[in-house]
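We number each residue from 1, following the sequence as shown.
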Amino acid sequence: MSAAVAPENLHAEEAVKNYYGKKLKTSSDLKTGACTSQPGRYPKFIRDAMTLVHEEVALKYYGCGPVFPPALDGARVLDLGSGSGKDCYILSKLVGPDGFVTGLDMTDEQLEVANKYIDYHTKLYNHPKPNIKFVKGNMERMQDAGIESDQFDIIVSNCVINLAKDKLAVLKEAYRVLKVGGELHFSDVYADRDLPPSIREHEELWCECVVGALWWRDLYKLAKEIGFSTPRLVTAGLFSIDDKSYKDFLGDAKFVSVTYSLFKLPAQHSETKTILYSGSIAGHEEELKFDYNITFKKGEEAHVKPELATILQTSRYKNFFNFSDGEKGPCKCSKLEKDPFELCAEKGNQKGCC
């Protein structure tokens, strides 16, 4: 059985709908730390946007990590598993009136809360018209929900893809609806091994974002199969499961919450390029942290290898860099298939992917 697909006897879609629509009332009802975030390192303008979200929307938030990549102004964004809409309303503020945010969710109760506050946030942000909508649908079958191809600059998802029965289908659909140069920027839970089907059959731990977790190495295989760029690890943090019965059931398996970034690139890649960051991205005026190991500093000449050069030249980042031929300055390189558990050990990071 592929690690990307849930066991046949686990009715994942109905279980998730029931869990997030009827069983959970607030984030305090969650039983593990897999799907809770800590807003510690966000830039101030994002923290300020968080405080503006309506209280009822925020109470039903179950995210595990940051889904606010840089350079959002004017972007078209899709949020997979948007729930009560908290991330969408923050994104609505960040993309501004020239951008647009679409939230996709399959849970009626969550969508009811999300749709309730569109006018409230539109007026609060002084937008001339709503720049947000919510759509009912399954992220494994976005076409059925009317999500068209080549539409989005960015797709975000916050501790949701692990809830899908077929991860490959989700990633294929994400690739389809992104524009060339578009980015899938998502946080999720990963395991240090391919979990056996017997563990994946635990319905409550599936709904708690634990046993639906991919082995982190499988993400690289899926991305390559679909045609995405090599996944870039942005942040990672271990979390522990304190419930003894859960720990006994899971055995030695360990879990980590990780934010990854994947890009849809043209077939023809660029050559190695020398780059210079302009410092003109809001909140990142002095430096732009691109992944766990690469930071672009304003005015610092450096060079990047073909895949990263292609990312920077075809994505929304292209307007913030100057490009020239050659290999001047230091190489901005990362070990691309980085073990997130190894990174956590190096950083001494024991919980929370943000």
Side-chain angles (χ1 to χ4, degrees), residues 1-7 12 34-35 63-67 69 78-81 139-140 142 154-178 182-197 199-200 205-206 208-239 253-265 290-294 307-308 311 315 334-347 349 352-354:
M1 177 189 298
S2 167
V5 180
C35 288
C64 83
V67 290
L78 172 64
D79 182 7
L80 301 181
M139 59 188 164
E140 298 169 43
M142 285 190 251
I154 309 165
I155 296 175
V156 298
S157 180
N158 196 332
C159 198
V160 174
I161 292 177
N162 65 75
L163 295 172
K165 187 169 185 177
D166 188 346
K167 276 75 167 172
L168 178 61
V170 176
L171 294 174
K172 281 184 174 179
E173 279 288 82
Y175 188 87
R176 178 182 66 82
V177 305
L178 280 171
E183 178 187 8
L184 171 59
H185 186 101
F186 70 111
S187 56
D188 220 329
V189 176
Y190 295 87
D192 66 345
R193 65 198 69 193
D194 187 6
L195 301 175
I199 283 183
R200 294 192 185 279
L205 281 174
W206 185 282
E208 285 274 337
C209 305
V210 178
V211 299
L214 279 176
W215 181 27
W216 68 270
R217 291 187 184 277
D218 280 341
L219 177 65
Y220 290 83
K221 297 175 185 176
L222 296 177
K224 184 176 182 180
E225 178 180 342
I226 294 163
F228 274 114
S229 66
T230 308
R232 290 181 174 270
L233 193 162
V234 182
T235 62
L238 299 176
F239 64 88
K254 295 181 176 61
F255 299 89
V256 64
S257 49
V258 188
T259 299
Y260 281 109
S261 175
L262 291 70
F263 288 84
K264 178 179 178 177
L265 300 180
F290 191 75
D291 66 20
Y292 78 95
N293 193 51
I294 293 177
E307 185 177 86
L308 183 49
I311 289 171
S315 70
S334 288
K335 179 183 177 183
L336 290 181
E337 199 163 334
K338 178 68 173 178
D339 183 338
F341 294 91
E342 180 183 283
L343 178 64
C344 290
E346 291 170 3
K347 302 292 186 183
N349 184 357
C353 61
C354 43

| Do the side chain of K264 and the main chain of G182 share a donor and acceptor less than 3.5 angstrom apart? | no
| Approximate separation, where rounding is to 0.5 Å, of F263 CZ and I154 CD1 | 8.5 Å
| query | Which value, rounded to the nearest 0.5 Å, describes the distance between K167 atom NZ and E140 atom CD? | reply | 8.5 Å
| With D291 via side chain to side chain donor-acceptor pair (under 3.5 Å) - residues at least two apart | R232, S334
| request: Determine the minimum heavy-atom distance between E173 and R176, stating which atoms define it. | output: OE1-NE, 2.7 Å
| Between D188 and C159, what is the shortest heavy-atom contact and its length? | OD1-CA, 4.0 Å
| query | For the residue pair H185 and S261, what are the closest heavy atoms and their distance? | reply | ND1-CB, 4.2 Å
| Between OH of Y292 and SG of C344, what distance do you get to the nearest 0.5 Å? | 12.5 Å
| Minimum-distance pair of heavy atoms, taken over all atoms of M142 and L78 | SD-CD2, 3.7 Å
N/O donor to acceptor pairs below 3.5 angstrom from side-chain atoms of residues 221-228, sequence neighbours left out:
none

| message | Please give me the minimum heavy-atom distance between L233 and A236, naming the atom from each residue. | response | CD2-CB, 4.2 Å
| message | One pair to check against side-chain contact (heavy atoms from CB on, under 4.5 Å): V189 and F239. What are the steps and the verdict? | response | CA-CA 10 Å; V189 176; F239 64 88; 3.7 Å; yes
| said: Checking D192 against V256 for the side-chain contact (heavy atoms from CB on, under 4.5 Å) test, could you report, in this order, the C-alpha distance in whole Å, the side-chain angles of both residues, the deciding distance, and whether it holds? | reply: CA-CA 8 Å; D192 66 345; V256 64; over 6 Å; no
| Can you find a pair of side-chain heavy atoms, one from N293 and one from K335, that are under 4.5 Å apart? | no
| request: Nearest 0.5 Å please: distance from the OG atom of S157 over to the CG atom of L184. | output: 7.5 Å
| said: Does C209 form a side-chain contact (heavy atoms from CB on, under 4.5 Å) with L163? I'd like the steps, not just the answer. | reply: CA-CA 6 Å; C209 305; L163 295 172; 3.9 Å; yes
| field | Straight-line distance of E208 CD to N162 CG, nearest 0.5 Å | value | 11.0 Å
| request: Identify the residue among Y220, Y260, W216 that makes a ring-ring contact (aromatic ring centres under 6.0 Å, His included) with Y190. | output: Y260
| Any side-chain heavy-atom pair from L219 and L171 closer than 4.5 angstrom? | yes
| said: For a side-chain contact (heavy atoms from CB on, under 4.5 Å) check, start with the C-alpha distance between V67 and D79, then their side-chain angles and the critical distance, and finish with the verdict. | reply: CA-CA 9 Å; V67 290; D79 182 7; 5.8 Å; no
| task | Measure the shortest side-chain to side-chain distance between E183 and P69 over non-hydrogen atoms and say whether it is less than 4.5 angstrom. | result | yes
| request: Indicate yes or no: at least one non-hydrogen side-chain atom of V258 is less than 4.5 angstrom from one of L343. | output: no
| task | To the nearest 0.5 angstrom, please state how far the CG atom of L178 sits from the CD1 atom of I155. | result | 3.5 Å
| request: Kindly write out the residues that satisfy side chain to side chain donor-acceptor pair (under 3.5 Å) with K172, not counting sequence neighbours, or none if the list is empty. | output: none
| Which pair of non-hydrogen atoms, one from I161 and one from F186, has the smallest distance, and what is that distance? | CD1-CD1, 3.7 Å
